[in-house]
Amino acid sequence: MKNIETKWLQDFLTLAELRNFSHAAAVRNVTQPAFSRRIKSLETELGLNLIDRGKTPIELTLHGKQFKTTAQSILQQLDDEVNRLSGSSFLGRHTVRISSSHSMAISVLPKLHACLFNPALNTQLSVVANEVDEAVKLLIDGKCDFLFSFYEDRLQVAPYRSIHLGRSYLYCVSAVDEHGKPLFDPAENEAVPCLDYTPESYMGRALQRSNRTLTHNTVCTSSMTDFIKALVMQGKGISWLPDYAIKEELAAGRLQILSAREPIPLDLYVYRYHSRLHATCEAIWSAMSKMSPIDGLLSRESQPH
C-alpha cells in the first residue's frame, strides 16, 4: 500500500491545471519549495515521473496524464463515500460523469439505458452535452469518466480506451410536401437552399474530408445537428443529418432521403482513460463492452431508395 497523502493528489491536480509551480503553490497556499517537495514525494512514492520539468510551461508525462485521471477518481470516490456516510449524498449514489456531443446525448444515450441506468449500480449520472471538440476536451482534461463521441485518431491510442458503439450515416434529406414528395431536389435545381455545418464543427470536417457539398445557396450554417434538423423540418432547405437523429421522421414520412447523394459513414464510440475508474464506472464499462451495436441505427442496406 503506497503511503500517499490526499493533499499530494490535490497538489498534483492543481499543478496539472495551472502548469506552473509558483502559481499552483499560491493556489494551494504553500511556499513553492514546500509545494515542489510534495510533488516530488508523490512521484517518489509512485516510482514514476509525472511532470516534464524541462518544458515551459510544464507538461505532464504519459504517466502523469494517466495518473491524473486516477487521482481525480480517487478524490471523487473519497468525497462520494464521505457524503454517503454523512447522509448528504443523494441516496448514497455514486456520480458518473459523462461528456457527450449534443446529437449523441439526445439520440444515442437514451438507447444505452440498460447500461447507464442499471438500478443495481445505484448511480447518479452527470451529463454535459457540448460541441464535439469541447466534449473531447473534457475527457482529455480528466473532467469526465466517459466520453460519447465520434471517431478520433488521438483517442484510439494510449492512454485512452474505447468501445465501438456502432456505425451511423449522414444522409442528405429534405422535408416533404402534402403529397409526400421532397420539397427540394438539387438534381433538378442547383439553387436549392442549403443548411450547412460550420467548417470547424465535427460534421463540417467530416463533409470536407468526404468532399461533399450540397449547393452554393447556403442560407444558414450551424455546428448543432438538432438546430439544422429543426430548420430542415420547417422546409428551410436540405442538409446532411445522422440517421440516429431522423429515424422517427423517416419512418413517419416527414423527411425523405435524397438517394442521389451517397451517405457518409460516422463511427460512434465511447472513450475513457486507461486508468482504473470507480467500481461503478467499471461495471458500466463492462456492460457496454458486451452489448450489441446500438439498436435503431439505419444500415446501408435499409437505406430508402
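What you are looking at is a predicted structure, and each value in this text was computed from that prediction instead of being measured.
- The closest donor-acceptor contact from the side chain of Ser239 to the backbone of Leu195 lies under 3.5 Å.
- Residues Leu268 and Tyr244 have side chains in contact (heavy-atom distance under 4.5 Å, counting atoms from C-beta outward).
- Within the 4.5 Å cutoff, no side-chain heavy atoms of Tyr271 are placed close to those of Arg161.
- No side-chain heavy atom of Val96 sits less than 4.5 Å from a side-chain heavy atom of Leu121.
- The 12-atom threshold is not exceeded at CD of Glu248, counting heavy atoms of other residues, nucleotides or ligands nearer than 6.0 Å.
- Under the 4.5 Å side-chain criterion, counting only non-hydrogen atoms from C-beta, Thr70 is not in contact with Leu277.
- Taking 4.5 Å as the limit, some side-chain heavy atom of Ile238 sits within range of a side-chain heavy atom of Ser174.
- Comment: Glu262 does not engage Arg212 in a salt bridge, judged by the lack of any side-chain N to carboxylate O separation of less than 4.0 angstrom.
- Remark: Gln234 CD is packed, more than 12 non-hydrogen atoms of other residues, nucleotides or ligands lying under 6.0 Å away.
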Is there a salt bridge (charged side-chain N to carboxylate O under 4.0 Å, His left out) between Arg167 and Asp243? Walk through the geometry before answering. CA-CA 10 Å; Arg167 171 164 284 192; Asp243 53 13; over 6 Å; no
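- A salt bridge between Asp177 and Lys181 is absent, with no side-chain N of the basic residue lying under 4.0 Å from a carboxylate O of the acidic one.
- Between Phe150 and Tyr202, the ring centre distance stays below 6.0 Å.
- Residue Val30 forms a side chain to side chain contact (heavy atoms under 4.5 Å, CB included) with just one option from Lys7, Arg38, Arg37, and that option is Arg38.
- Using a 4.5 Å heavy-atom threshold, the side chains of Leu42 and Glu5 count as separate.
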Test ring-ring contact (aromatic ring centres under 6.0 Å, His included) applied to Phe148 and Tyr269, step by step: CA-CA 6 Å; Phe148 290 85; Tyr269 283 86; over 10 Å; no
